[in-house]
Amino acid sequence: MQINLDQTINSGQVFLWKKHDNIWYGVNGQNVFAANQAKIDSLEKDEMDFFRKSDDLEKIFKDISKDKTIKSAVKKFSGLRLLRQDPFQCYISFIVSSNSSIQNIRSSLYHICEKFGKKTTFHGTKFHLFPEPKRLARASNAELLSCGLGYRVQFVKKAAIAVAENEIDFNFLKKADYQTAKDSLLEIFGIGNKVADCILLFSLDKLESFPLDRWILRSLQNYYPDKFSFEGKTLTDKKYQVLHSELVEYFGKYAGYSQQFLFKTIRDENQKKWL
DNA sequence: TACTAACCTGTACG
DNA sequence: ACGTACAGGTTAG
């Protein structure tokens, strides 16, 4: 039951990671992490937190293994883990991710760090940390546009202001239940069901969150054609909610883990690029 | 309520 | 070189 860094980092959760000389380096809020597969058993405290070292994986894997599809995905990607990311970085990252590709998301986020994040040196290499909410909140439209955000400039700007002005309080959302936290995120311009679920799952400890994007829908329709509600061409708010309830009922309270295994599986099957 | 067009950028293909 | 196709979630109508 060892973490596999390649599987985990290349699973659509994080964007600001790079591999150098077989070591992964990544920005997480105001920290830089270095993760070496060869030394994965000697993580520091904040790294253990990031990699969710205290999750009871034996219990979780057993709990989500409802059928042979999930069982084989868990077996194939047994080193895949959910991460516990810096909430503000995760929030901005997935707002930026909407209607974009991994390569574009990554590029925009690096530009955001370069323009607004503090510089630091880590293991002899220079990094830009992720900007703090107040700094990003007073970025100009032109500066944000130059990060390649396009029409998402207003999404990022308003979202950063909401955090800077404490309309969004991540500590509160961490303690709140899934629905309360989700309703709060959905108030933000640029956050819909899918982005909200990503933020909840990857940074706010809501493991019953199950982000539904086009890939996961394709996977579910392929492997579970008769088990869940897929009628209609478009995924309306109502249908998203119904489908999510069915998924949690079937996969259980750790449904988010099953989502991650299905997502990794279908993206790999379709040879989609990662970091 | 259900559906659809518009939104921006980078990359791939011919 | 240049145009066209495409990926991708949210909002507004």
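By convention in this document, chain letters (A, B, ...) are assigned in the order of the sequence lines, proteins followed by strands, and residues within each chain are numbered from 1.
In this structure, the CG atom of A:N104 is 11 Å from the P atom of B:dA12, given to the nearest Å. Here the P atom of nucleotide B:dT1 and the OH atom of A:Y240 are 18 Å apart, to the nearest Å. Atom-to-atom, CD of A:Q154 to P of B:dC8 comes out at 11 Å; the value is rounded to the nearest Å. Rounded to an integer number of Å, the gap from NZ of A:K239 to C1' of B:dT4 is 13 Å. One atom, CG of A:L149, and another, P of B:dT9, lie 9 Å apart when rounded to the nearest Å. The distance between atom CD of A:E231 and atom P of B:dA2, rounded to the nearest whole Å, is 10 Å. Between the NZ atom of A:K273 and the P atom of B:dT11 there is a distance of 9 Å, given to the nearest Å. Going from atom CD1 of A:I102 over to atom P of C:dG9 covers 11 Å, rounded to whole Å.
When the side-chain nitrogen and oxygen atoms of A:W215 are compared with OP1 and OP2 of C:dA7, none of them lie within a distance under 4.0 Å. Applying the 4.0 Å criterion to OP1 and OP2 of C:dA7, one finds that A:R214 has every side-chain N and O outside that range.
If you check every strand for non-hydrogen atoms under 4.0 Å, A:L212 touches nothing. The residue A:L145 sits close only to the backbone: its heavy atoms come under 4.0 Å of sugar-phosphate atoms, none of a base. Contacts of A:R267 with the nucleic acid, taken as non-hydrogen atoms under 4.0 Å apart, involve only primed sugar atoms and P, OP1 or OP2. Heavy atoms of A:T234 sit under 4.0 angstrom from at least one base atom.
Between A:Q259 atom CD and A:S219 atom OG the span is 9.5 Å, to the nearest 0.5 Å.
Contact check on A:D6 versus A:K19 returns a salt bridge, with a Lys/Arg side-chain nitrogen under 4.0 Å from an Asp/Glu carboxylate oxygen. A salt bridge between A:K45 and A:D49 is absent, with no side-chain N of the basic residue lying under 4.0 Å from a carboxylate O of the acidic one.
Looking at which nucleotide of DNA chain C each of A:S100 and A:I191 is closest to, the 5′-most match is held by A:S100. If A:S107 and A:N99 are placed on DNA chain B by their nearest nucleotide, the residue sitting closer to the 5' end is A:N99. In terms of position on DNA chain B, the residue among A:K233 and A:Y151 whose nearest nucleotide sits closer to the 5' end is A:K233.
A:F172 CZ: 12 or fewer foreign heavy atoms inside a 6.0 Å radius.
For A:K18 and A:Y25, the positive end is not near the middle of the six-membered ring at less than 6.0 Å and at most 45° from its axis.
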